[in-house]
Amino acid sequence: MAARKRASTNSSTQTKPSETAAQPKPQAPTSAEAPISAPKSGLILKLTLFFSVPYFYLILYHYKIDQELRKSILINAVLSLAAFFVTLKMIPVASRYVLRRNLFGYDINKKGTPQGTLKVPESLGIVVGIVFLVFSILFQYFNFTADSNWLVEYNAALASICFMVLLGFVDDVLDVPWRVKLVLPSIAALPLLMAYAGHTTIIIPKPLVPYVGLEVWDLGWMYKLYMGLLAVFCTNSINIHAGLNGLEVGQTVVIASAILIHNVMQIGASADFEYKKAHAFSIYLAQPLLATSLALFSYNWYPSSAFVGDTYTYFAGMTMAVVGILGHFSETLLIFFIPQVLNFLLSLPQLAGIIPCPRHRLPRFDPETGLLTGTNDGTLVNLFLRRFGRLTEKTLCVYLLVFQALACCFCFVLRYFLAGWYK
């Protein structure tokens, strides 16, 4: 989280067309305008190996996946790897442009230290969003034919994500109020909702069938309303569970990894080809999301040299919502989002105006010790500090990401024990 500072122009200082003025020579960047630091490649390599080894083992050896489906997933993985390297190279380039336009912030959690005086480039989620869209569009050449039933929904999904990237960047530039932020995802979800041609039914849990009298319930237009509300929740829940270096991107990396594992397991366990296609569709969007997010994570992890902005949080939330909706596992997605649900419930009194809500609901930073102290603001970040005591920003972020990973593991355990009984 950063307090953004923008330059203002004064019209009285502008020279007339007939007048001439000496142009100042470009100056070398000062310590407060230092170039973006090198990516944390060692951390990213460890994370990649930790996830990719079991993931590709499941795809290549453990499950007997259809050859064409496996080929499409691997082609998408190669394109995602290319997207990772492009994002890695483009972020330093984009950082120079956003600094030139005074889109930067100061790290509030380092206020009073030399790091707190550095201008950190803001809104670099725009790079991730653009690279993601470009490579997702290129993937169509390898996988979809002109008469493919999935092509319309795939392009509608990309249109919604593109719309959300645009609106997120507008929010970063204009700093729109919260009541408007709640509306933005519902606008961005319109292309997906209008193009959605899938089923609008839900399977009633077996213990409730005797009481409801139905095994399958067709919700009709209410299902599309649910889809829109899910998109609103996912985007805003990522946006408000923030405030630490690496937290926004880190939670996305964890959830995207869980989504990919879940999809592969469902493809391997099912005999229904359409069901497999739905989960493969989810993989086609989740793999580039993970790859581009890892590239951004290498710059955003503590100490952060790039801020993601609302552009990234909106983009990541919308992408995961689209993945869950079109992959038909929205219930599982919400369990993956348990920390975000808890953070939303803690934040609700302040967001609703029942309790005064400051602009930055961040913990207090002590520059002498480098530790954070929890406040009474309703966030999961402050709750962890009140429960575990004063912590460094890096340690606190690790705790929160471990909690995110445990929530995802809990989901897998829950699905295993409830299989055959719940649905």
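With a 4.5 Å cut-off on side-chain heavy atoms, Pro288 and Phe132 count as touching. Inter-residue side-chain proximity for Tyr312 and Ile238 is flagged as unmet; no heavy-atom pair is nearer than 4.5 Å. In this structure, Asp107 and Leu118 have side chains that are not in contact, with every pair of non-hydrogen atoms separated by 4.5 Å or more. Val98 has its side chain out of reach of Phe104: every pair of non-hydrogen atoms, C-beta onward, lies at least 4.5 Å apart. Taking 4.5 Å as the limit, some side-chain heavy atom of Asn155 sits within range of a side-chain heavy atom of Gln140. Put simply, the side chain of Val254 reaches to within 4.5 Å of the side chain of Cys408, judged on heavy atoms. Within the 4.5 Å cutoff, the side chain of Leu342 has no heavy atoms near those of the Leu383 side chain. Residues Pro303 and Gln115 are in side-chain contact: their nearest non-hydrogen atoms beyond the backbone lie under 4.5 Å apart.
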* Given side-chain contact (heavy atoms from CB on, under 4.5 Å), test Phe307 with Leu124 step by step and report yes or no. => CA-CA 6 Å; Phe307 288 150; Leu124 291 178; over 6 Å; no

* May I have the step-by-step check of salt bridge (charged side-chain N to carboxylate O under 4.0 Å, His left out) for Arg390 and Asp366, ending in yes or no? => CA-CA 10 Å; Arg390 303 171 72 198; Asp366 185 354; 3.1 Å; yes

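When each of Thr379, Leu351, Leu380 is tested with Ile240 by the rule side chain to side chain contact (heavy atoms under 4.5 Å, CB included), just one qualifies, namely Leu351.
Note on ring orientation: taking the six-membered ring where Trp is involved, the planes of Tyr154 and Phe281 are perpendicular (angle over 60°, cut-offs 30° and 60°).
Ion pairing of Lys181 with Asp310 is present here, as a side-chain N (NZ or NE/NH1/NH2) and a carboxylate O approach within less than 4.0 Å.
Closest of all the heavy-atom pairs between Ala156 and Pro191 is CB-O, 3.6 Å. Closest of all the heavy-atom pairs between Asn382 and Gly374 is OD1-CA, 3.6 Å.
Residue pairs satisfying the ring pair (Phe, Tyr, Trp, His ring centres under 6.0 Å) criterion with at least one member in residues 260-279, sequence neighbours excluded, are listed as follows: His262-His279, His262-Phe329, Tyr275-His279, His279-Phe329. Applying the salt bridge (charged side-chain N to carboxylate O under 4.0 Å, His left out) definition to pairs two or more places apart or across chains, none involves residues 266-294. Every pair passing ring pair (Phe, Tyr, Trp, His ring centres under 6.0 Å) that includes a residue from residues 374-410 is listed here, sequence neighbours excluded: Phe384-Phe388, Phe384-Phe403, Phe388-Tyr399.
Side chains of Arg361 and Ser347: a donor-acceptor N/O pair is present below 3.5 angstrom, by distance only. With hydrogens and angles left out, the side-chain atoms of Glu248 and Asn239 include no donor and acceptor closer than 3.5 Å.
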Which atom pairs, donor and acceptor, lie under 3.5 Å between side-chain atoms of residues 211-221 and protein residues at least two apart or in another chain?
residue, atom, partner, partner atom, Å
Asp218, OD1, Thr200, OG1, 2.6
Asp218, OD1, Gly220, N, 3.1

Listing, residues 52-59 side-chain donor-acceptor contacts under 3.5 Å, not counting sequence neighbours, or none:
residue, atom, partner, partner atom, Å
Ser52, OG, Thr48, O, 2.6
Tyr55, OH, Gln287, OE1, 2.6

Exercise answer: donor-acceptor pairs, residues 77-97 side-chain atoms, under 3.5 Å, sequence neighbours excluded:
residue, atom, partner, partner atom, Å
Ser80, OG, Asn76, O, 2.8
Thr87, OG1, Ala83, O, 2.7
Ser95, OG, Pro92, O, 2.6

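With rounding to the nearest 0.5 angstrom, the CG atom of Leu229 is 14.5 Å from the NZ atom of Lys224. Of the inter-residue distances, the one linking Ile130 atom CD1 with Cys162 atom SG reads 8.5 Å to the nearest 0.5 angstrom. The structure places OG of Ser257 at 9.0 Å from CZ of Phe50, a figure rounded to the nearest 0.5 Å. Going from atom CD of Glu331 over to atom SG of Cys411 covers 10.0 Å, rounded to the nearest 0.5 Å.
Not a single donor-acceptor pair under 3.5 Å links the side chain of Gln404 to the backbone N or O of Pro339. The backbone N or O of Val176 lies less than 3.5 Å from a partner atom in the side chain of Asp171, making a donor-acceptor pair. Within the 3.5 Å criterion, the main-chain N or O of Asn300 finds no donor-acceptor partner in the side chain of Asn245.
Checked against a 6.0 Å centroid threshold, the rings of Phe412 and Phe336 count as neighbours. Annotation: Tyr63 is not in aromatic contact with Tyr61 [ring centroid separation under 6.0 Å not met].
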